[in-house]
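Below: one structure, written as structure tokens.
Computed from heavy atoms alone, side chains included, the values below leave out hydrogens, waters and symmetry copies. Throughout, protein chains are lettered first and strands after them, A, B, ... in sequence-line order, and every chain is numbered starting at 1.
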2 protein chains.
Amino acid sequence: MIENAIFKALGDPTRRAIFEKLAGGAMNASALREGMAISQPAMSQHLSVLREARLVREERQGRFVNYEVDPEGLAHIARWLRKYRDYWPARVAALKDVLEDMDE
Amino acid sequence: MIENAIFKALGDPTRRAIFEKLAGGAMNASALREGMAISQPAMSQHLSVLREARLVREERQGRFVNYEVDPEGLAHIARWLRKYRDYWPARVAALKDVLEDMDE
DNA sequence: CCAATACATAAGCATGAACTTATGTGAATG
DNA sequence: CATTCACATAAGTTCATGCTTATGTATTGG
């Protein structure tokens, strides 16, 4: 049940901050730490949680590990959200039709 | 930071099941328990968490309390998701334009 | 009113999650 | 090829979370 991993991962404000930072552009773990008052192991653990939720993916580049947003996690949230489109407020109702076209 | 409450609330599978059940139609806490192997206090506590996340809202009706999906929580998720639309997979890309029309 | 019903709250306990310090691993650099 | 650098993993601690049993509160029917 990937939704569990996804929502749990996003339930932590530090991890959401990390994710948001990565959404601004891929970077390695050290760069992510800059200005974030977080220890190196803590960052590594957070990235591990985000990776298992498929919100983030890694790519080793020499002795750096580059992290970037993984669309898979976001797609899962979109699919979960779609299930409850009947309850979306009117302002967002226009989304309905488009969401219905989403295959898979 | 309501996102914290929302994602934490959805990080529990029992609460997602409760939410899904309510999405099928409003009902009271006793009706929600049916077929769910969950104690009455546990249900009450879960509903409290969902309510504080604005995923669910209540309305007292006599000695029953009717629960229903609160669109506010879902709207928050949609707004959060919109921030990362650049990373959505191509299949969902059509959503972009519509989401951009979402005011607020 | 008084008992029963529907639900909320309190308190305690067991597990999990997020941090810490310490150490391991894999790659480049001198 | 040994040291340094970037990161991961291990182990321990503290606090949060989800459950339990027990009790409180609001509403209604007899």
Side-chain angles (χ1 to χ4, degrees), chain A residues 1-22 24-70 73 77, chain B residues 1-22 25-70 73:
Chain A
M1 200 174 287
I2 186 76
E3 283 96 9
N4 232 58
I6 292 176
F7 288 125
K8 277 195 177 180
L10 294 174
D12 182 81
T14 305
R15 277 193 294 263
R16 282 203 310 284
I18 293 170
F19 182 83
E20 188 146 7
K21 212 165 178 180
L22 280 179
M27 68 183 85
N28 58 54
S30 300
L32 274 170
R33 284 222 295 147
E34 279 169 25
M36 277 205 73
I38 190 176
S39 72
Q40 180 268 315
M43 173 60 79
S44 186
Q45 286 157 20
H46 280 308
L47 287 169
S48 174
V49 171
L50 287 167
R51 183 158 19 86
E52 276 167 32
R54 307 222 41 186
L55 284 160
V56 142
R57 61 187 174 199
E58 66 176 46
E59 185 191 359
R60 196 165 250 281
Q61 281 175 358
R63 61 182 168 185
F64 295 82
V65 177
N66 217 266
Y67 282 91
E68 64 179 354
V69 168
D70 186 345
I77 301 177
Chain B
M1 200 173 289
I2 186 76
E3 282 96 10
N4 231 59
I6 292 175
F7 288 126
K8 276 194 178 182
L10 294 174
D12 182 80
T14 305
R15 277 194 295 264
R16 281 203 311 284
I18 293 170
F19 182 83
E20 188 145 7
K21 211 164 179 181
L22 279 178
M27 66 183 87
N28 58 55
S30 299
L32 274 170
R33 283 222 293 148
E34 279 168 25
M36 277 206 73
I38 189 176
S39 73
Q40 179 267 315
M43 174 60 78
S44 187
Q45 287 157 17
H46 280 309
L47 286 170
S48 175
V49 171
L50 287 168
R51 183 158 21 84
E52 276 167 32
R54 306 223 41 187
L55 284 161
V56 142
R57 62 187 173 199
E58 65 177 45
E59 185 190 358
R60 195 164 250 284
Q61 282 176 356
R63 61 182 168 184
F64 295 82
V65 177
N66 216 267
Y67 281 91
E68 63 179 356
V69 168
D70 186 345

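When all heavy atoms of B:N4 and A:P13 are compared, the pair lying nearest together is OD1-CD, 3.2 Å. Among all heavy-atom pairs drawn from B:A26 and B:N66, the shortest one is CB-OD1, 3.4 Å.
Take the nearest nucleotide of DNA chain C for B:E58 and for A:K8: the residue whose nucleotide is more 5' is B:E58.
Taking side-chain N and O atoms only, A:R15 has no distance below 4.0 Å to OP1 or OP2 of C:dA17. OP1 or OP2 of D:dA8 sits under 4.0 Å from a side-chain N or O of A:Y67.
If you take CG on B:L10 and CD on A:E3, they are separated by 10.0 Å, rounding to the nearest 0.5 Å. Atom CE of A:M43 sits about 9.0 Å away from atom OG1 of A:T14, to the nearest 0.5 Å.
Atom-to-atom, CZ of B:R60 to P of D:dA26 comes out at 9 Å; the value is rounded to the nearest Å. What separates CG of A:N66 from P of D:dC7 is a distance of 9 Å, to the nearest Å. The CG atom of B:L10 sits 14 Å away from the P atom of D:dT17 (whole-angstrom rounding). Atom C1' of nucleotide C:dT9 and atom CZ of B:R51 are separated by 12 Å, given to the nearest angstrom. The separation between A:R33 atom CZ and D:dC5 atom C1' is 13 Å, rounded to whole Å. One interatomic measurement links the two molecules: CG of B:D12 to P of D:dA16, which rounds to 18 Å at whole-angstrom precision. What separates CZ of A:F64 from C1' of C:dA28 is a distance of 10 Å, to the nearest Å. Per the geometry, CG belonging to A:N4 stands 15 Å off P belonging to D:dT17, to the nearest Å.
The shortest side-chain heavy-atom distance between A:L47 and A:L32 falls under the 4.5 Å cut-off.
For the side-chain contact (heavy atoms from CB on, under 4.5 Å) with A:Y67, the lone residue among A:E59, A:K21, A:E58 that qualifies is A:E58.
Within residues 34-48 of chain A, the residues approaching DNA chain D are A:Q40, A:P41, A:S44, A:Q45, by heavy-atom distance under 4.0 Å.
Listed for the A:R54 side chain is no donor-acceptor partner under 3.5 Å among the backbone atoms of A:D70.
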